[in-house]
Amino acid sequence: MKIEEKIVGAVEAAIKELYGQQVPASMVQLQETRAEFEGQLTLVVFPFLKMSRKKPEDTAREIGEYLVGKVPEVVSRFNVIKGFLNLTINPAQWIDLLQEIRQDQQFGFVPVTEESPLVMIEYSSPNTNKPLHLGHVRNNLLGWALANVMQANGNRVVKTNIVNDRGIHICKSMLAWLKWGNGETPESSGKKGDHLIGDYYVAFDKHYREEVARLVAQGMDEEQAKQEAPLIREAHEMLVKWEQGDPEVRALWKRMNEWVYAGFDQTYKALGVAFDKIYYESETYLEGKEKVEEGLQKGLFYRREDGSVWADLRPEGLDEKLLLRSDGTSVYMTQDIGTAKLRFQDYPIDKMIYVVGNEQNYHFQVLSILLDKLGFRWGRDLVHFSYGMVELPNGKMKSREGTVVDADDLIATMISDARQMSADKVNKLEDITDEEAQEIARIVGMGALKYFILKVDARKNMLFNPEESIDFNGNTGPFIQYTYARIRSILRKAAEQGIEVPDSLPAAAEISDREISLVQHLYGFKAAVRQAGQDYNPSQIANYCYELVKEYNQFYHDFSVLREEDADKKLFRLALSAAVSQVVKNGMGLLGIEVPERM
RNA sequence: GGUUCGGUAGCUCAGUUGGAUUAGAGCAGCAGCCUUCUAAGCUGCGGGUCAAGGGUUCGAGCCCCUUCCGAAUCACCA
């Protein structure tokens, strides 16, 4: 049993015996004792004053005496400061706790079984007309991390992606490619497929704007010009042909999408994310129409005179929402309904989480209500994991204005910076091959990028300054990775010296406060994982890892491990170090960040 | 205007169900520490009216109300 649980139980008994009252466990507040006082755990006695009808100090002393009297094997001493009862815990308890953590490779994780709830997480969800940028990177990293966190909390997780592969934006790229592409392919130009398509999307926009400007100069109203520019009309014609299944258009569409997917796969692989099931909007949008028709027949929705279909959400405090256009084509919402239908056919989903930017908060509020009305049992409680935008120093990223941070560029830069960084190091590693150095640079560069994004509270907007780029010092991924590598180095050396840490540690006579504090921190991993799962917030894991490692670093500089004379202490510190590295590895693993054995 | 979300050091961000005279990191600035388990590190200094005001209570950065500032959204776009 954990130390905290033992004490909570004893305190409950104390209150019962001393004051004759039954208190709920939640009233027993235990926290770490502040460094300036003696003790490791502190009980806050204020909540019990109403029962004891005594001063805080007296109440604390009574409870303290009771604990030392009844559970001396746990609480060896106590002191009272104001309403705070500081408890000194028997060292053997801390050793037990460390053992428990060390012997459970999956410490902090709830096992997943066949009966565990099935959670589906949708993330990434790219458009196929342009390459991924920093905003997508945030989405992908958050989605992946959240999936890991949900799984660590005992859920069966299905990671899914809905690819937005149809619509006017694709037609724009296709049209531009037909007009100005001269048959360019990824092979002929050496460009990554998604970038190639993105370039034509930009080209379309450029020519289109020129056309609009020309029409306006000729005296046309701007709104009208935007609708009547020949290019946009052509794109619309192409979209109609696509919907009609025109073989030529479909063939081109298919071919260009393949290029894009090949490009995306490369980026996903570099980011270390993957999916269990991918849906394509071209396959789901018709399902949505069907579902809307069904709702129409059930009287959930209504049709206007022009033929458009609407849902009236005013009773829910929202507005009316369009579900089908007057020409019968579907809108975004329709597609999401269709996708939901297919997903539910494929998996018995208990909970659905959508990782989508906060600009779509309203959309998901509406979607939740609509899915609920349509009878999806997880509709009402669907989670929109809403994250903030990535901002640049001079405002937001706008692909049309070219103020984007391209994902592939960023990844490449991070890795080469990491490579440079290790080359500049004074004590660089000897005897490693070029491949190993490159692999370390990849792990460290990606770790820097991932940690930089994941340490920030997901729902907040975050700022990325490309000029300053991403740091490798301080509160960063590489700092954590570095500490891990150092611990692994110590463990390797210990093994070389033939030192093995036994399953049962000798009871060291004396454990320093810093060591106890580390054990407590390690145990806190469990709470951090649970909290992150409840709040859908991977950033808590990131910050947990940083604080643990920060503390270990201070420990590292004040204490020696291998050079410790006392054999028992040495073993204890080795075990402690090993446990830190294990928890760090697991924590970073949840974030999708690898840790290197050397760096 | 309605709705939702934010506001903590010069900058980027933490702050776990409300807890202890002194609200924490990192970056940037200054000063120290590598014949010692990896210096991508450690130590010290300076830097704050936690947007403002009120309330709840033993106790508020955190909970409630009002105001100010910022963002997103409110399309037959996705």
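Here is how names work: the chains are called A, B, and so on, in the same order as the sequence lines, proteins then strands, and each is numbered from 1. In this text, all values refer to a predicted model and were calculated from it rather than measured experimentally.
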Checklist outcome for this item: Using Watson-Crick geometry (N1-N3 plus N6-O4 or O6-N4) or G-U wobble (N1-O2, O6-N3), each under 3.5 Å, C34(B) is paired with none

Next on the checklist: Assess whether a salt bridge exists between Glu320(A) and Arg304(A), defined as any Lys/Arg side-chain N lying under 4.0 Å from an Asp/Glu carboxylate O.
Outcome noted: yes

Checklist entry - Would you call Lys550(A) and Glu547(A) a salt bridge, taking side-chain N to carboxylate O under 4.0 Å as the test? => result no

Item to check | Complementary nucleotide for G29(B) - Watson-Crick or wobble, under 3.5 Å | outcome: C45(B)

Item to check | Spacing between Gln540(A) atom CD and C62(B) atom C1', to the nearest angstrom | outcome: 14 Å

Next on the checklist: Does Thr42(A) contact A20(B) through a side-chain donor or acceptor facing the base, at a distance under 3.5 Å?
Outcome noted: yes

Next on the checklist: Both distances below 3.5 Å, Watson-Crick or wobble geometry, any strand: find the nucleotide opposite A71(B).
Outcome noted: U4(B)

Next on the checklist: Any base atoms under 4.0 Å from Glu468(A), or only sugar-phosphate, or nothing? Heavy atoms, all strands.
Outcome noted: nothing

Checklist entry - How long is the gap from CD on Gln224(A) to CD on Gln227(A), to the nearest 0.5 Å? => result 8.5 Å

Next on the checklist: Quick check on RNA chain B: between Leu318(A) and Tyr546(A), whose nearest nucleotide comes earlier from the 5' end?
Outcome noted: Leu318(A)

Checklist entry - Do any side-chain nitrogens or oxygens of Arg459(A) fall under 4.0 Å of OP1 or OP2 in G6(B)? => result yes

Checklist entry - What are the two closest heavy atoms between Lys455(A) and Ser539(A), and how far apart are they? => result O-CB, 3.5 Å

Next on the checklist: Quick check on G26(B): is either OP1 or OP2 less than 4.0 Å from any side-chain nitrogen or oxygen of Lys550(A)?
Outcome noted: yes

Next on the checklist: For Glu515(A) and Lys569(A): C-alpha separation, side-chain torsions, deciding distance, then whether salt bridge (Lys or Arg N to Asp or Glu O under 4.0 Å) applies.
Outcome noted: CA-CA 11 Å; Glu515(A) 287 163 319; Lys569(A) 270 191 193 172; over 6 Å; no

Checklist entry - Below 6.0 angstrom between ring centroids: does that apply to Tyr201(A) and Phe204(A)? => result no

Next on the checklist: Please report the distance, rounded to the nearest Å, between CG in Asp535(A) and C1' in A14(B).
Outcome noted: 15 Å

Item to check | Interatomic distance where CG belongs to Asp471(A) and P belongs to C13(B) [whole Å] | outcome: 14 Å

Next on the checklist: Please determine whether a side-chain nitrogen or oxygen atom of Lys455(A) lies at a distance below 4.0 Å from atom OP1 or OP2 of U12(B).
Outcome noted: no

Checklist outcome for this item: In numerical order, the residues of residues 474-483 of chain A whose heavy atoms come under 4.0 Å of RNA chain B are Gly474(A), Asn475(A), Phe479(A), Tyr482(A)

Checklist entry - Just checking Ala485(A): base, sugar-phosphate only, or nothing, at a heavy-atom cut-off of under 4.0 Å? => result base

Checklist entry - Aromatic rings Phe452(A) and Phe464(A): how do their planes relate, parallel, tilted or perpendicular, breaks at 30° and 60°? => result perpendicular

Checklist entry - Where the side chain of Phe46(A) is concerned, which of C37(B), G19(B), G26(B) is the nearest nucleotide? => result G19(B)

Checklist outcome for this item: Whether each nucleotide of nucleotides 70-78 of chain B has a protein heavy atom under 4.0 Å at its base (B), only at its sugar-phosphate (S) or at neither (-) is summarised, 5' to 3', as -SSS--BSB

Next on the checklist: Ring centroids only, cut at 6.0 angstrom: are Tyr354(A) and Phe364(A) within range, meaning strictly under it?
Outcome noted: yes

Item to check | Side chain of Leu463(A) (C-beta onward), nearest among G41(B), A20(B), C13(B) | outcome: C13(B)

Checklist outcome for this item: Whichever of Ala528(A) and Val549(A) has the more 5' nearest nucleotide on RNA chain B, that residue is Ala528(A)

Next on the checklist: I need the single residue from Val28(A), Val23(A), Leu85(A) that forms a side-chain contact (heavy atoms from CB on, under 4.5 Å) with Val11(A). Which is it?
Outcome noted: Val28(A)

Checklist outcome for this item: Rounded to whole Å, the CE-P distance (Met462(A) to U12(B)) equals 11 Å

Next on the checklist: Whether the side chain of Ser469(A) engages the backbone of Asn465(A) through a donor-acceptor N/O pair (distance < 3.5 Å, no angle test) should be reported.
Outcome noted: no

Next on the checklist: If you only use heavy atoms from C-beta on, which nucleotide in U43(B), U38(B), G19(B) is closest to the side chain of Ile490(A)?
Outcome noted: U38(B)

Item to check | Among A20(B), G19(B), C37(B), the nucleotide that comes nearest once only the side chain of Val44(A) is considered | outcome: G19(B)

Checklist entry - With ring centroids as reference points, do Tyr19(A) and Phe48(A) lie under 6.0 angstrom apart? => result no

Next on the checklist: Side-chain N or O of Lys460(A) versus OP1/OP2 of U12(B): is the shortest distance under 4.0 Å?
Outcome noted: no

Next on the checklist: Which is it for C34(B), anti or syn, if anything within 90° of zero counts as syn?
Outcome noted: syn

Checklist entry - Between U21(B), A40(B), U38(B), which one does the side chain of Lys493(A) approach most closely? => result U38(B)

Item to check | Pairing nucleotide - G53(B), Watson-Crick or G-U, each distance under 3.5 Å | outcome: C65(B)

Checklist entry - What nucleic acid atoms does Asp457(A) come within less than 4.0 Å of, heavy atoms only: base, sugar-phosphate, or nothing? => result sugar-phosphate

Checklist entry - Hey, does Tyr552(A) reach any base, or is it just sugar-phosphate, or nothing, if we go heavy atoms under 4.0 Å? => result nothing

Next on the checklist: Once you apply a heavy-atom cut-off of 4.0 Å, does Asn86(A) come out as touching a base, just sugar-phosphate, or nothing?
Outcome noted: base

Checklist entry - Under 4.0 angstrom, heavy atoms only, what part of the nucleic acid is Val456(A) near: base, sugar-phosphate, or nothing? => result sugar-phosphate

Next on the checklist: Could you tell me how far apart Phe37(A) (CZ) and U21(B) (P) are, to the nearest whole angstrom?
Outcome noted: 8 Å

